[in-house]
Amino acid sequence: MAPKTNGIGVQVEDTRICVVMVGLPARGKSYIAQKAQRYLKWLSIPAATFNVGSYRRNDSPHPSADFFDTNNAEGERKRRAAAEAAVYDLLKWFKNGGVVGILDATNSTKERRKWVLDWLTREGIEVIFVESRCDDEELIMANIRDVKTSSPDYKGQDPEKAAQDFRDRIRNYEKVYKSINADGDEDDLTYLKIMNVGKQVIINRIRDYLQSRIVYYLMNLHIRPRSVWLSRHGESMLNLDGRIGGDAGLSYRGEEYARKLPELVLESVGSDRPLTVWTSTLKRTILTARHLPQHYNQLQWKALDELDAGVCDGMTYQEISDMYPEDFQARDEDKYNYRYRGGESYRDVVIRLEPIIMELERSEDILIISHQAVIRCIYAYFMQKTQEESPWVPVPLHTLMKLTPRAYGTEVQTYKANIKAVSTWRGKGSTAKHEDPLPEGGV
Ligand code: ATP
Ligand code: F6P
């Protein structure tokens with residue numbers, strides 16, 4: 001069995017980093033925290049977010065704006081208690097093997113930052129502050145309207161009144177808010193400042209590799225509306241025989257899918273807006289993309305090639321089970337970590353897909369035409385699937401999937417081409433060549 005490594009080749013045993021969010025309300029702090037957590041967990045780096053607002057809600061579920069006025073002694077006491085409870089739990093989590101903890105709160109004064117920094121440093125934890133600044137009034141109003149009025153803080157309240165109260169809450173924060181190092185006396189801090197969703201960034205005293213990966217990822221985030229489309233190649237000649245891997249051309253039905261794909265894409269995109277198409281370097285994905293409109297840019301990525309089955313490449317599952325019964329069973333027991341002899345595991349595929357995810361975060365509309373295992377790994381990133389689940393996700397042939405990132409999650413739509421194809425999905429313990437029908441809940 002291959003040794004386990006996490007996705008970005010970091011020795012995480014001795015590393016413990018706390019990402020401390022900073023910024024006024026409705027600046028996307030929770031959004032950034034959730035994305036960072038999802039990215040790190042996908043790379044097998046234990047990560048968790050501690051949202052101080054949730055701790056505060058235990059005691060003060062529906063506070064009005066004056067609760068956040070620093071002259072309100074009761075409010076101050078409760079807010080401090082909530083922050084302490086969150087840091088306690090964060091420290092407990094680090095003791096149980098946590099690697100990157102995220103403290104999601106406003107931490108908007110120098111005093112609060114010093115308090116957090118001193119406490120965490122005493123416990124041997126590296127601290128990196130991530131501040132989101134935004135002076136785009138329209139965006140802030142949209143954030144309030146889209147996310148804040150539906151917060152549990154305003155449950156059952158009129159959205160107009162909730163929005164007004166939230167604006168008043170921001171005013172109270174503004175009275176004491178100090179951007180990191182605004183006075184020039186926080187220069188020793190490790191921090192990333194993101195202005196207006198990445199239009200400008202300031203990076204200060206980033207210390208190690210894992211910190212720099214987190215910073216690089218966060219610098220690439222944008223919130224312009226966009227979707228990512230995923231499709232497997234059309235049915236291949238090897239799919240027909242139930243053989244894995246290889247570099248075969250398309251079957252007659254696979255070719256039919258390639259011809260239908262432009263129509264399916266147009267129906268899903270809903271307009272003539274151009275897409276960028278990424279394929280693998282294998283024939284079956286390139287052939288599947290070849291009838292797409294000429295004005296779509298096409299790019300081939302080696303990183304999108306199918307999971308390498310090593311010595312089993314070109315075999316059927318039945319042949320693998322006959323020739324390598326122990327391997328076949330080991331794969332079923334831990335499919336994510338099982339590495340084919342001379343080939344790859346799902347974990348290996350995730351590692352090589354990291355640059356794809358980074359590029360996807362920077363990009364707008366992209367259509368990816370790839371393979372079963374690779375699409376499972378990309379799907380797992382967007383849908384937060386666990387390592388136990390992701391290698392078993394059904395991804396049928398001749399189906400286009402549209403993923404649209406939203407504030408807290410990803411929306412999925414599927415478009416079936418209605419062109420028959422074999423099923424390449426295999427259930428645990430089975431060697432089925434074409435297991436049909438697909439299980440319920442397939443994407
Ligand atoms: P609070 O302090 O009330 O918890 P918050 O700063 O955590 O607020 P979020 O709840 O994360 O704010 O706001 C989510 C909204 O912020 C989403 O609609 C998202 O599109 C938007 N957003 C994401 N990143 C940014 C950014 N860098 N600047 C401004 N808005 C952003
Ligand atoms: O059968 C099609 C295929 O893309 C193979 O080339 C690949 O080995 C396999 O799917 C990956 O699926 P699983 O990990 O379930 O065996």
Side-chain angles (χ1 to χ4, degrees), residues 21-35 49 51-54 56 68 104-108 130-136 138-140 142-148 150-151 153 166 169-170 173 193-199 201 218-219 221-225 232-233 235-236 238-248 280 282 284-285 305-310 312-317 320 328 331-332 335-336 338 340 343-346 349 370-377 390-395 397 405-408 422-428 430 433-435:
M21 302 305 301
V22 174
L24 290 168
R27 264 54 180 188
K29 297 182 301 297
S30 299
Y31 174 92
I32 294 167
Q34 290 304 322
K35 295 238 10 175
T49 302
N51 177 275
V52 174
S54 313
R56 183 262 302 151
F68 300 93
D104 181 16
T106 55
N107 298 306
S108 51
V130 173
E131 176 170 357
S132 173
R133 282 179 67 88
C134 178
D135 55 17
D136 176 342
E138 239 175 79
L139 174 57
I140 296 163
N143 287 350
I144 294 175
R145 203 181 47 238
D146 298 346
V147 181
K148 297 303 165 190
S150 53
S151 141
D153 283 4
F166 200 83
R169 183 192 293 197
I170 295 177
Y173 273 98
K193 230 190 247 201
I194 304 173
M195 263 88 82
N196 290 323
V197 206
K199 280 211 184 94
V201 291
L218 295 180
M219 277 169 56
L221 299 182
H222 72 76
I223 52 171
R224 295 182 294 280
R232 289 177 67 188
H233 51 81
E235 182 186 68
S236 75
L238 283 181
N239 289 149
L240 282 180
D241 292 343
R243 296 191 177 278
I244 66 169
D247 191 13
S280 73
L282 297 171
R284 53 197 187 275
T285 64
D305 285 2
E306 181 54 308
L307 181 146
D308 179 355
C312 296
D313 189 74
M315 292 168 78
T316 65
Y317 290 123
I320 299 172
F328 194 75
R331 188 163 199 254
D332 269 4
K335 195 172 178 191
Y336 188 83
Y338 172 81
Y340 277 109
E344 291 180 303
S345 63
Y346 273 81
V349 174
S370 183
H371 306 265
Q372 178 160 259
V374 171
I375 288 182
R376 282 174 176 154
C377 296
S390 60
W392 300 101
V393 170
V395 187
L397 287 165
R406 302 278 180 220
Y408 296 124
V422 295
S423 165
T424 60
W425 189 82
R426 181 184 74 80
K428 224 178 234 196
S430 131
K433 186 167 89 171
H434 308 142
E435 192 152 317

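Atoms within a ligand are numbered from 1 in the order they appear, just like the ligands themselves. These numbers come from the heavy atoms of this one structure, side chains and all, not from hydrogens, waters or symmetry mates.
- Atom 4 (O) of ligand 2 has its nearest heavy-atom neighbour, among R232, E306, R376, in E306.
- Between the OG1 atom in T285 and the CG atom in D305 there is a gap of 7.5 Å [rounded to 0.5 Å].
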Checklist entry - Could you go step by step and tell me if H233 and L397 meet the side chain to side chain contact (heavy atoms under 4.5 Å, CB included) rule? => result CA-CA 7 Å; H233 51 81; L397 287 165; 4.0 Å; yes

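- Only the side chain of V147 comes within contact range of ligand 1, with a heavy atom under 4.0 Å; no backbone atom does.
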Next on the checklist: Run V197 and L139 through side chain to side chain contact (heavy atoms under 4.5 Å, CB included) and show every step you take.
Outcome noted: CA-CA 10 Å; V197 206; L139 174 57; 3.7 Å; yes

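- Look at D153 and R56 and you find a salt bridge, because one of the NZ, NE, NH1 or NH2 atoms lies within 4.0 Å of a carboxylate O, short of that distance.
- No N or O atom of H233 sits closer than 3.5 Å to an N or O atom of ligand 2.
- K29 places a side-chain N or O within 3.5 Å of a backbone atom of G23 that can act as its donor or acceptor partner.
- Atom 16 (O) of ligand 1 has its closest protein heavy atom at N143 ND2, 3.2 Å.
- Every atom of ligand 2 is numbered from 1 in the order shown, and the set under 4.0 Å from a heavy atom of G245 is 5 (C), 6 (O).
- With a 4.0 Å cut-off on non-hydrogen atoms, L139 touches ligand 1 through its side chain and not its backbone.
- Rounding to the nearest 0.5 angstrom, the gap separating the CD1 atom in I244 from the CD1 atom in I320 is 4.0 Å.
- The shortest heavy-atom distance from A309 to ligand 2 is not under 4.0 Å.
- The atoms of ligand 2 that sit less than 4.0 Å from any heavy atom of T424 are 1 (O).
- In this structure, Y346 and L307 have side chains that are in contact, with non-hydrogen atoms separated by less than 4.5 Å.
- Atom 6 (O) of ligand 1 has its closest protein heavy atom at K29 NZ, 2.7 Å.
- Looking at Y408 next to ligand 1, an N or O pair under 3.5 Å apart turns up.
- Listed for the N196 side chain is a donor-acceptor partner under 3.5 Å among the backbone atoms of D135.
- Near R331, meaning under 4.0 Å from one of its heavy atoms, ligand 2 places the atoms 13 (P), 14 (O), 16 (O).
- Using 4.0 Å as the threshold, G53 has no heavy atom nearer than that to any atom of ligand 1.
- Checked by distance only, ligand 1 and R169 stay at 3.5 Å or farther apart across all their nitrogen or oxygen atoms.
- Protein heavy atom closest to atom 26 (C) of ligand 1, with residue, atom name and distance, is R27 O, 3.4 Å.
- The proximity of I244 to ligand 2, defined as any non-hydrogen pair under 4.0 Å, involves the side chain as well as the backbone.
- Counting heavy atoms closer than 4.0 Å to ligand 2, residue Y346 contributes side-chain atoms (C-beta onward) but none from N, CA, C or O.
- Protein heavy atom nearest atom 27 (N) of ligand 1, with residue, atom name and distance: S132 OG, 3.4 Å.
- Checking I194, V22, I170 one by one against R27, the side chain to side chain contact (heavy atoms under 4.5 Å, CB included) holds for a single residue, I170.
- For E235 (side chain) and L240 (main-chain N/O), no donor-acceptor pair under 3.5 Å exists by modelled atom type.
- Ligand 2 has a nitrogen or oxygen under 3.5 angstrom from a nitrogen or oxygen of K335.
- Across all non-hydrogen atoms, the minimal contact from Y317 to F328 is O-CE1, 3.7 Å.
- For ligand 2, the polar-atom distance check against Y317 finds a nitrogen or oxygen pair separated by under 3.5 Å.
- Counting only heavy atoms of the protein, atom 10 (O) of ligand 2 lies nearest to Q372 NE2, 2.8 Å.
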Next on the checklist: Would V52 and M21 count as a side chain to side chain contact (heavy atoms under 4.5 Å, CB included) here? Give the steps.
Outcome noted: CA-CA 11 Å; V52 174; M21 302 305 301; over 6 Å; no

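- Nearest non-hydrogen protein atom to atom 24 (N) of ligand 1 is Y31 CD2, 3.6 Å.
- K428 approaches D332 most closely through the heavy-atom pair CE-O, 3.3 Å.
- Contacts with ligand 1 closer than 4.0 Å are made by backbone heavy atoms (N, CA, C, O) of A26 only, the side chain lying farther away.
- Scanning all heavy atoms of the two residues, the minimum distance from P25 to F166 falls at CB-CZ, 3.5 Å.
- Nearest to atom 12 (O) of ligand 1 by heavy-atom distance, out of S151, G28, A407, G23, is G28.
- Proximity of M315 to ligand 2, defined as any heavy-atom pair under 4.0 Å, is not found for any part of the residue.
- The proximity of K148 to ligand 1, defined as any non-hydrogen pair under 4.0 Å, is limited to the side chain.
- A pairwise comparison of heavy atoms in D247 and R284 identifies CA-NH1, 3.8 Å as the closest pair.
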